[in-house]
Amino acid sequence: MSAGRSRFTCHRALCRPTRSEAGAHMVNSRIPGLKNLTIEQRRETVVRNSPLSTEDLTAWDPATGLTLDAADHMVENVVGVLGIPLGFAANFTINGRDVLVPMATEEPSVIAAASNAARIARASGGFFTSSTAPLMRAQIQLVDVADPAAARVRILEARDELIAAANEQDPMLIQLGGGVRDIEVHLVDAPGQTYVVLHLIVDVRDAMGANAVNTMAEAIAERAAQIGQGRPLLRILSNKADLRLARARAVFAADELGGTEIVDDIVHSAALAVVDPYRAATHNKGATNGITAVVLATGNDTRAVEAGFHSHAVRDGRYTALTRFEKDADGNLVASLEVPMAVGLVGGATKVHPAAQRAVKMLDITTATELAEIIVAVGLAQNVAGLRVLATEGVQRGHMGLHARNVAVTAGATGKEIDRVSARMVAEKAIRAERAAEILAEVRRGQS
Ligand code: NAD
């Protein structure tokens, strides 16, 4: 694809990416020795293995990325923009298609770990994914309803009228095949009274959907309250996106992981996370390390996705792990993950942030569902990588080098000093600010 050519078909409010021409990019995400490449070489790799042009990469350049003016149109009281490292995970093959995955994160080891787990999975065919329709819920809370049970039935009687009124709000969504699919009425007992809560179930197609469903909920709240004979209060989407699930599974060969004992230990570690909320929180964080990095890179709402993730993790009343780990009949590790994934391609920052647009282009996808499935595959890979390290050497060894570099920079090291100071601290197993300062002083005096 030639530099600067738009991949977006836009017609008024409708704007969705188009997949690059078939065969234009024979993507090979398997890139050995990636970490030893220079930034320039990595950029060439991205251009060779995605629809991105060299010019597209300027969106991730600190000097040419998000402008202050653009930022000022995104949020309030802008004084600057925040840089977060953007890398790509290699080795992913998802449903038989190789893909380089953009990840934005400040945490060392995350991108390397995801790439490493993806390398192991690809030997067994990679990741296989699926998902539900992109259904979101909006809630309309009715208060001061005298007869909640009867109100529920009255509202359900008016189902067709309410759905039609909500759909009138978004002709574009209807034209695209989305819109309200159903309503539910929940009676929620709270201290003091029973609230009648109307749920609008909306197919939001390629949108994250918050604005779309909020508009619908606001539009029909008065009428719902009239029918329910109460007062409308909250009218907003639920981030418990339990009808919008994406799933991924993959096999990790015992040999590639390091042996059958490691498979057993990973299964033990994961089993603890299923029953112990203290462990589950960290276990799930291991998955969201990857999930949030892709959500952020594509300009999606990280808080919405994390709210969905954690509310799903406690859906049975007890907080638990969402990834599942088993040993298959051949002794290999089988991992799977099913999680709410409210991400979009058409609204929010995804539409306006140049770096987010390039991230979507890098993935060469045309639907929000494809994005959701890629994100879940990355979350699964991330979790496997984390557990493998925990079940073997522990996290600190891998983290030490990068942590030492951060400590060296904090102590004032620049350029080649960073490697020299951090290498000494790692060798001495003394990664501390005061030691970094001492070594830096020695380096500068020419003693080291
Ligand atoms: P949006 O309103 O910008 O875009 C959705 C609209 O785009 C649809 O209503 C439709 O009319 C149109 N559209 C065009 N092409 C489409 C396609 N292919 N598929 C679907 N719709 C298409 O965005 P949104 O996704 O409704 O809202 C997302 C934003 O809302 C995010 O920035 C999020 O942070 C924010 N938000 C979140 C919450 C929350 O999570 N609780 C609350 C309020 C707002």
Side-chain angles (χ1 to χ4, degrees), residues 6-19 66 70-71 73-76 104 131-141 163 165-181 197 199-221 233-244 291-292 294-312 339-357 359-361 363 365-372 375:
S6 168
R7 293 183 60 255
F8 285 78
T9 340
C10 293
H11 174 65
R12 294 198 195 126
L14 169 65
C15 192
R16 63 193 299 192
T18 54
R19 199 187 290 288
L66 184 68
H73 286 99
M74 290 176 70
V75 299
E76 308 74 36
S131 41
T132 62
L135 296 176
M136 296 295 286
R137 292 171 186 269
Q139 295 185 295
I140 300 169
Q141 178 193 20
I163 290 180
N167 278 339
E168 267 175 31
Q169 303 305 312
D170 204 334
M172 175 60 65
L173 189 61
I174 307 302
Q175 191 189 317
L176 290 163
V180 182
R181 293 287 182 260
V197 185
H199 286 208
L200 269 181
I201 315 290
V202 188
D203 184 325
V204 296
R205 302 281 87 199
D206 300 310
M208 179 270 181
N211 289 324
V213 304
N214 291 347
T215 306
M216 290 178 170
E218 289 191 2
I220 67 160
L233 189 56
L234 302 181
R235 292 147 291 169
I236 188 156
L237 114 157
S238 169
N239 287 111
K240 182 170 160 51
D242 55 359
L243 299 175
R244 192 181 193 176
I291 288 173
T292 303
V294 189
V295 173
L296 183 60
T298 55
N300 272 287
D301 186 330
T302 53
R303 291 80 55 211
V305 169
E306 288 177 1
F309 188 106
H310 296 294
S311 58
H312 204 59
V339 65
M341 193 48 64
V343 289
L345 295 183
V346 294
T350 308
K351 195 170 177 182
V352 295
H353 197 304
Q357 290 169 2
V360 171
K361 187 172 174 183
L363 293 167
I365 50 174
T366 58
T367 65
T369 300
E370 287 173 278
L371 176 59
I375 292 171

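Order of appearance sets the numbers: ligands from 1, and atoms from 1 within every ligand.
Checked against a 3.5 angstrom limit, the closest N/O atoms of Ala212 and ligand 1 fall inside it. Checked by distance only, ligand 1 and Ile236 stay at 3.5 Å or farther apart across all their nitrogen or oxygen atoms. Here's the thing with Arg205: none of its N/O atoms is less than 3.5 angstrom from an N/O atom of ligand 1.
When heavy-atom distances to ligand 1 are checked against a 4.0 Å cut-off, Leu176 comes that close only through its side chain, counted from C-beta outward. The parts of Asn211 lying near ligand 1 are both backbone and side chain, judged by heavy-atom distances below 4.0 Å. For Leu237, every heavy-atom contact with ligand 1 shorter than 4.0 Å involves the side chain, none the backbone. Counting heavy atoms closer than 4.0 Å to ligand 1, residue Ala304 contributes side-chain atoms (C-beta onward) but none from N, CA, C or O. Contacts with ligand 1 closer than 4.0 Å are made by side-chain heavy atoms of Asn239 only, the backbone lying farther away.
Taking 4.5 Å as the limit, some side-chain heavy atom of Val360 sits within range of a side-chain heavy atom of Ile365.
Qualifying side chain to side chain donor-acceptor pair (under 3.5 Å) partners for Gln139, counting only residues two or more places apart in sequence or in other chains: His199. Every residue two or more places apart in sequence or in another chain was checked for a side chain to side chain donor-acceptor pair (under 3.5 Å) with Asn239, and none qualifies.
Of all the heavy atoms in Arg244 and Arg205, the pair that sits closest is NH2-O, 3.7 Å. Residues Leu345 and Leu371 approach most closely at CD2-CD2, 3.9 Å, considering heavy atoms. For the pair Asn211 and Thr215, the tightest heavy-atom approach, listed with the atom from each and the gap, is O-OG1, 2.7 Å. Nearest approach of Ala217 to Ile236, heavy atoms of both residues: CB-N, 4.4 Å. Residues Asn214 and Leu237 share a closest heavy-atom pair of OD1-N, 2.8 Å.
The heavy atom nearest to atom 42 (C) of ligand 1, considering only Ala210, Gly178, Ala241, is found in Ala210.
Less than 4.0 angstrom separates some heavy atom of Val204 from each of these atoms of ligand 1: 19 (N), 20 (C). Interface atoms of ligand 1 facing Leu173, defined by a heavy-atom separation under 4.0 Å, are 20 (C), 21 (N). Counting the atoms of ligand 1 from 1 in the order shown, those under 4.0 Å from a heavy atom of Asn214 are 42 (C), 43 (C). With ligand atoms numbered from 1 in the order given, ligand 1 contributes 8 (C), 9 (O), 10 (C), 11 (O) to contacts under 4.0 Å with heavy atoms of Asp170. Numbered from 1 in the order shown, with element, the atoms of ligand 1 that lie under 4.0 Å from a heavy atom of Val346 read 15 (N), 16 (C), 17 (C), 18 (N), 21 (N), 22 (C). Within ligand 1, counting atoms from 1 as listed, the ones closer than 4.0 Å to a heavy atom of Ala207 are 5 (C), 19 (N), 20 (C), 21 (N), 25 (O). Within the listing of ligand 1, atoms 3 (O), 32 (O) sit less than 4.0 angstrom from a heavy atom of Gly348. Every atom of ligand 1 with a heavy atom of Asp301 under 4.0 Å away is listed here by number and element: 33 (C), 34 (O), 37 (C), 40 (O).
For the pair Thr350 (side chain) and Thr298 (backbone), a donor-acceptor distance under 3.5 Å is present. A donor-acceptor contact shorter than 3.5 Å is absent between the side chain of Asp206 and the backbone of Thr367.
Ligand 1 is approached by Gly209 to a heavy-atom distance shorter than 4.0 Å.
Under 3.5 Å, the side chains of Thr366 and Glu370 contain a donor-acceptor pair of N or O atoms.
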